[in-house]
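Quick note: numbers below take in every heavy atom, side chains included, and nothing from hydrogens, waters or symmetry partners. Position 1 is the first residue of the sequence; numbering continues from there. Both ligands and their constituent atoms are indexed starting at 1 by order of listing.
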Amino acid sequence: MEVMTSDHQVRSVNEDQCQMCMPLGGVIAFKGIEETMVLIHGSQGCSTYMRLSNVEHYHEPVDIASTALNEKQTIHGGEANLRKALDNVIRVYNPSVIGILTTCLTETMGEDLDLMISAYKHDRNLQGVDIIPVPTPSYSASHTEGFWSATRRIIEHYARATAETSGINIIIPHISPADIREIKRIIDLFGIEYTLIPDYSMTMDRPFGGNYQKIPPGGTVPADIARMPGAQATIQFGLTCPEQLSPGEFLRRKYNVPLFSLPLPIGLKNTDRFISVLSELSGRPVPEVLLLERGWLLDGMADAHKYNAEGRPLIYGEPELVYALCTLCAENGATPLVVASGTKTGNLETLLSPILPDACEKTIFLEGTDFAAIDQAVEDQRVNVAVGHSGGRFLTERRGIPVLRIGFPIHDRIGGQRIRSAGYAGTLSFLDRFTNALLEMKYGSYRQHCLEETRGKGGY
Ligand code: SF4
């Protein structure tokens, strides 16, 4: 049962969660590594849920194996199932890497994965397959932390002290494959070598054609990850990433790789920061095409600003995306009035409070929250537009508030993997969608308002 307090904090169990489960985030990170298969150590239901969530969003075949524990193994331990599952995964998929993610069940059982894997490798004399276990107790965190944890563990597994290079590291949060491609296009324009991790831009969004492959081509190459300690710098889009989970922080502390912790390049100022760091690291001026795209964005902002002041947005979802979208809305005249995330560790209030413009009304921040609390805040703040994933679709059904789909999961629309919001061009696409949602609402209801007003004045 949930208890709501006057300050909108959820005091008891969550109702209609605004987050997904921790190993699910780890699955997506592993899907961004070349020749990798994922194994969930837990019950069948966990992996089925993760498969379904990914398939509904990415509309691709997403293979996830399971150790399929039942009541018996829950009591006696899951090692035999783990061994059998590893044998099967190696035989059927022939992967170079196996990422193993734990679940609520196996974390509660206290399974010692490191010990089991080491015994398995020894007994099978395993060669040519790297096994990387990541603890992902979902009762303690969300898919966001699962994503960061897995990414960091992968880097910890492969990184080796190496000769310095002129290349850079790019570490991304959970964003759409289209945004990964846009970030790569921008970096390519500066002609600088880079390793981007985790790169699921091809594995989770494949072009049509060719035969089905059990492990799709693409992903960050482990040999490149091994060389990350030699890079001249790391750019990590992870302002909201907790330090203990931060892959960039690991590279900085252990290998002295300078870290640029940046917001996602969504919005004018955020993209300016990314471009400026790329220019500094590459020693090259900003390419003409990016200057043109920046100019088009400024033009679009001038076109849209007169409408956006009527926006009273709710922005919710994964913290890194929420942060970037809030700054984008604010710099376009629509101050977010409710900012929400199911993740507890994003620190959004501390990060955003100083930079959101002084609105007449105070923004409500909800972290580690659920949709029951969000719904209450939406009513209190008279929100008229929502920006986030499909979890908020009830706002349209119940309150007539349009929901601009962005983030993960988007399971009631197609194309979630193709939503591009990064860079100047992506920002402009989002801004147009946002402003048009407000205009559609305005033109869809103004006759009704006029009618009600006239009636109120004694007409008709
Ligand atoms: S929350 Fe726990 S039990 Fe539920 S799917 Fe995730 S790991 Fe499995």
Nearest-neighbour protein heavy atom for atom 2 (Fe) of ligand 1, which is reported as residue plus atom name and distance | Cys104 SG, 2.3 Å
Is it true that a side-chain atom of Arg152 and a backbone atom of Gln244 form a donor plus acceptor pair closer than 3.5 Å?
-> yes
Looking at the rings of Tyr200 and Phe30, which for Trp means the six-membered one, are their centres under 6.0 Å apart?
-> no
Please state which protein non-hydrogen atom is closest to atom 5 (S) of ligand 1 and give its distance, to 0.1 Å?
-> Tyr49 CD2, 3.6 Å
Proximity winner for atom 3 (S) of ligand 1, if only heavy atoms of Cys21, Cys46, Pro137 are counted = Cys46
Mutual orientation of the aromatic rings belonging to Phe147 and His174 [parallel < 30°, tilted 30-60°, perpendicular > 60°] | parallel
Contacting atoms of ligand 1, where contact means under 4.0 angstrom from a heavy atom of Thr103 = 7 (S)
Answer with yes or no after comparing the ring centroid distance for Phe371 and Tyr316 against a 6.0 Å cut-off, counting only values under it.
-> yes
